[in-house]
Amino acid sequence: MTKRETDTLEAHFEQARATPPQMPAGMMDRLIADALAAQPAPALGGWRGFWRAIGGAPALGGLITATAVGFWIGVAPPSGLPDVATQIITGGDDYIVADATSLDTYTSDLTAFGWDLDEG
Amino acid sequence: MRARLNGAPAKATSGLMDMHDTTDADGVDDPERALLHRYVQGDAAAARLLTLQLTPRIFGHAFRILGNAAEAEDVTQDALMRLWKIAPDWRDGEAKVTTWLYRVTANLCTDRLRKRGRGVPLEDIAEPTDPAESAEARLQRTAREDALQAALDRLPERQRQAVVLRHIDGLANPEIATILDVGVEAVESLTARGKRALAKLLGARRDALGYDDDKT
């Protein structure tokens with residue numbers, strides 16, 4: 001390439017760099033709208049973050065149902081399960097240890113405290 | 001250098017590329033990366049700022065390659081949407097955001113050019129304004145821009161991309177190599193051949209474009 005050709009070419013490039021092509025009207029606004037529409041929702045802190053973490057309102061129904069079912073099983077357990085609520089109320093000791101002696105019986109195999117009592 | 005940068009689509013002719021060969025932008029200053037992180041965190045201002053910063057560059061490149069504003073807008077919109085979609089999974093250290101975006105844009109332009117077939121022939125481009133008929137500098141500038149675009153349209157696709165990236169977008173050869181998925185030597189070769197062809201095309205119009213009438 002001659003110097004003249006190089007100079008001419010560089011003049012074209014320089015002008016192209018200085019005058020970028022004009023964008024169609026409204027293009028930037030459309031692209032900004034696209035960017036905002038595609039943007040992930042901002043992370044929330046505090047109660048809002050917790051609320052979103054547990055799944056928001058749709059999850060609340062499930063949580064309430066699970067809580068109610070759990071409570072009801074405790075109050076009126078199916079036949080295969082121990083009646084914990086009744087034992088607590090009546091002081092029954094089939095499953096719940098209500099006094100120190102029973103406690104020793106239940107825990108002597110497991111704790112140093114139980115061995116101490118055996119030795120005494 | 002074969003690389004797949006943050007899921008950037010491969011060229012129409014190449015197969016799946018290895019993600020881990022990329023060594024382009026590690027440690028390179030990348031201001032858009034911080035904005036992209038803010039974008040992912042839901043910062044609306046970052047979304048606007050990124051769009052404002054990236055759009056003119058991407059649109060300008062697409063326009064120079066395609067020679068058509070409507071198609072350049074489509075490509076710009078498509079490229080940016082791909083960036084927004086990949087943003088939550090963006091892997092730092094693989095590529096600069098702008099390099100990735102130029103690469104996506106270059107590939108989208110390539111796809112369009114191949115669908116379109118041959119570029120617009122020079123004969124179909126309006127002839128530059130004859131400076132003898134108008135003394136307005138603006139008309140002469142427009143004529144020169146038209147002449148450059150018409151000449152660019154005549155170049156083979158890869159030469160056109162290399163010349164635009166190097167001499168109009170102002171990128172360095174290693175970055176162009178990453179964008180075009182070729183070696184640096186190939187970029188130098190493409191650029192040199194493209195410039196020679198452009199000089200030949202524009203040289204024939206030098207007098208008509210008024211280069212002998214002013215210092216430029």
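Throughout, protein chains are lettered first and strands after them, A, B, ... in sequence-line order, and every chain is numbered starting at 1.
Here the side chain of B:Y39 pairs a donor or acceptor atom with the backbone of A:A35 at under 3.5 angstrom. Between the side chain of A:Q39 and the backbone N or O of B:D43 there is at least one donor-acceptor pair closer than 3.5 Å. Remark: the backbone N or O of B:H167 is paired with a side-chain donor or acceptor of A:R17 at under 3.5 angstrom.
Looking only at heavy-atom pairs under 4.5 Å with chain A, the residue among B:R57, B:K195, B:M81 that has the most is B:K195.
In this structure, A:R30 pairs ionically with B:E73, as a charged nitrogen and a carboxylate oxygen lie closer than 4.0 Å.
Using a 4.5 Å cut-off on side-chain heavy atoms (C-beta onward), A:P21 and B:Q149 make no contact. Proximity of A:D34 to B:T51: side-chain heavy atoms (C-beta onward) are nowhere separated by under 4.5 Å. Taking the side chain as every heavy atom from C-beta outward, A:M27 and B:T76 approach each other to under 4.5 Å. The shortest side-chain heavy-atom distance between A:L36 and B:W84 does not fall under the 4.5 Å cut-off. Between B:F59 and A:P24 the shortest side-chain heavy-atom distance falls below 4.5 Å.
Residues A:M23 and B:T55 come closest through the heavy atom pair SD-CG2, 3.5 Å. Closest heavy-atom contact between A:T19 and B:R64: O-NH2, 3.8 Å.
Put simply, CG on A:L31 and CD1 on B:I58 are 11.0 Å apart, with the number rounded to the nearest 0.5 Å. Residue A:H12 holds its NE2 atom at 10.0 Å from CD1 of B:I168, rounded to the nearest 0.5 Å. The distance from the CZ atom of B:R166 to the CZ atom of A:F13 is 10.5 Å, given to the nearest 0.5 Å.
At a 4.5 Å heavy-atom cutoff, B:V164 makes no contact with chain A through either its backbone or its side chain. Of the two parts of B:L83, neither the backbone nor the side chain holds a non-hydrogen atom closer than 4.5 Å to a non-hydrogen atom of chain A. Proximity to chain A is limited to the side chain of B:L80, based on heavy atoms less than 4.5 angstrom apart. Of the two parts of B:K85, neither the backbone nor the side chain holds a non-hydrogen atom closer than 4.5 Å to a non-hydrogen atom of chain A. For A:E14, no part sits under 4.5 Å from any heavy atom of chain B, backbone or side chain.
Atom CD of B:Q53 has more than 12 neighbouring heavy atoms from other residues, nucleotides or ligands inside a 6.0 Å radius.
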